[in-house]
Visitor: 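The structure that follows is given in the form of structure tokens.
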Amino acid sequence: MKLQLAIDLEDVQGAIDLINKTKDSIDIFEYGTPLVINFGLEGLQKIRTEFPDITLLADLKIMDVASYEVNQAFKYGADITTILGVAEDQSIKDAVKAAHEAGKELLVDMIGVQDVAKRAREIDAFGADYIGTHTGYDLQALGQDPFATFSIIKENVSKTKTAIAGGIKLEAADEIKQANPDLLIIGGAISTVDDPAAAAAAFKQILG
Ligand SMILES: O=C([C@H](O)CO)[C@H](O)[C@H](O)COP(=O)(O)O
């Protein structure tokens, strides 16, 4: 199981500081969608220049023009990027092809997918590297979490690595262990606490 830190901050220097504090425990750093919105891919490039050796995921949440956007993420320094599971089949197939031709990886984010079991089987057949259950902030605010949906995804994929995200806290240690995802994605529970390094280390400990 790998640990990904979702950096959903509003400035690039804050992201750089957070990476420095947590890099002993984090396997993959996510250049989060708010950073994409505020600073575009040039912010990602700054982080890549500062940290040439870290694994970087750009959370572009691509919906269309997939080959172009996937390649832009890689051109600016990403190792992995994301497309939405609700995108057209053709877009996801194009994104998988573009990522693999570049020697990189693609995560399909299942936020907003209604028939999760059916779509998970389809994504599995498309050859994506990761499929991610994701309870977005707007549903977290209603008290929802990603664990039940994650089980459905796990039952319906055979080769795609599984990821889970959405408001996961340290208190969910038992559920995390039971879910046993290939990739655990944590944002606020590391980035917004007083001691992000300690929180990252505590999550890493759960993964064993
Ligand atoms: O993808 C995310 C969200 O849509 C904002 O861009 C978050 O990175 C993801 O939800 C993980 O963050 P937390 O929910 O704070 O753990």
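Remember, it's 1-based here, ligands and their atoms both numbered in the order they're listed.
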Visitor: Taking side-chain contact (heavy atoms from CB on, under 4.5 Å) as the definition, give me every residue that meets it alongside E69, ordered by chain and number, with sequence neighbours left out.
Guide: I62, V65

Visitor: Please write down residue, atom name and distance for the protein heavy atom closest to atom 7 (C) of ligand 1.
Guide: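 Checked against all protein heavy atoms, atom 7 (C) of ligand 1 sits closest to D8 OD2, 3.1 Å.
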
Visitor: Counting non-hydrogen protein atoms only, what is the nearest one to atom 5 (C) of ligand 1? Give residue, atom name and distance.
Guide: Y137 CE1, 3.5 Å

Visitor: Report the nearest protein non-hydrogen atom to atom 14 (O) of ligand 1: residue, atom name, distance rounded to 0.1 Å.
Guide: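 Among all protein heavy atoms, the one nearest atom 14 (O) of ligand 1 is G167 N, 2.8 Å.
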
Visitor: Report the part of D59 (side chain from C-beta onward, or backbone N, CA, C, O) that has a heavy atom under 4.0 Å from ligand 1; answer both or neither where that applies.
Guide: side chain

Visitor: Start with the C-alpha gap between L3 and I206, add the side-chain angles, then the distance that decides, and say whether side chain to side chain contact (heavy atoms under 4.5 Å, CB included) holds.
Guide: CA-CA 10 Å; L3 179 59; I206 294 171; over 6 Å; no

Visitor: Which is closest to atom 9 (C) of ligand 1 in terms of heavy atoms, K61, H134, E30?
Guide: H134

Visitor: Between K46 and E42 (salt bridge meaning N to carboxylate O under 4.0 Å), is one present in this structure?
Guide: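 Judged by the 4.0 Å cut-off on N to carboxylate O distance, K46 and E42 do not form a salt bridge.
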
Visitor: Any donor-acceptor pair under 3.5 Å linking the side-chain atoms of D124 with those of S158?
Guide: yes

Visitor: Looking only at heavy atoms, which two atoms of I16 and F51 are closest? And how far apart?
Guide: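 In this case the closest contact between I16 and F51 is O-CZ, 3.7 Å.
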
Visitor: Compute the minimum heavy-atom distance from G32 to ligand 1 and say whether it is under 4.0 Å.
Guide: no

Visitor: Closer than 4.0 Å to some heavy atom of G188 - which atoms of ligand 1 meet that?
Guide: 13 (P), 15 (O), 16 (O)

Visitor: Could you tell me, atom by atom, which parts of ligand 1 come under 4.0 Å of a heavy atom of P34?
Guide: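 Those atoms are 6 (O).
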
Visitor: Verify side chain to side chain contact (heavy atoms under 4.5 Å, CB included) between F203 and L5, making sure each step is shown before the conclusion.
Guide: CA-CA 10 Å; F203 276 107; L5 171 57; over 6 Å; no

Visitor: For residues H134 and P146, determine if any side-chain heavy atom of one lies less than 4.5 Å from a side-chain heavy atom of the other.
Guide: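 Sidechains of P146 and H134: no contact.
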
Visitor: To the nearest 0.5 Å, what is the distance between CZ (F29) and CD1 (I7)?
Guide: 6.0 Å

Visitor: N/O of A189 under 3.5 Å from N/O of ligand 1, yes or no?
Guide: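 In this structure, A189 places no N or O atom under 3.5 Å from an N or O of ligand 1.
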
Visitor: Below 4.0 Å from any atom of ligand 1, is there a heavy atom belonging to G166?
Guide: yes

Visitor: Distance to 0.1 Å, residue and atom name: give those for the protein heavy atom nearest to atom 11 (C) of ligand 1.
Guide: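 Here the closest protein heavy atom is A6 CB, 3.9 Å.
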
Visitor: Ligand 1 and I168, any nitrogen or oxygen pair closer than 3.5 angstrom?
Guide: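 Looking only at distances, the answer is no, because the N/O contact criterion of under 3.5 Å is not met.
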
Visitor: Taking 4.0 angstrom as the limit, do K21 and D195 come out as a salt bridge?
Guide: no

Visitor: Within the 4.0 Å heavy-atom shell around T33, which atoms of ligand 1 are there?
Guide: 6 (O)

Visitor: Who's the nearest protein heavy-atom neighbour of atom 16 (O) of ligand 1, and how far?
Guide: G187 N, 2.9 Å

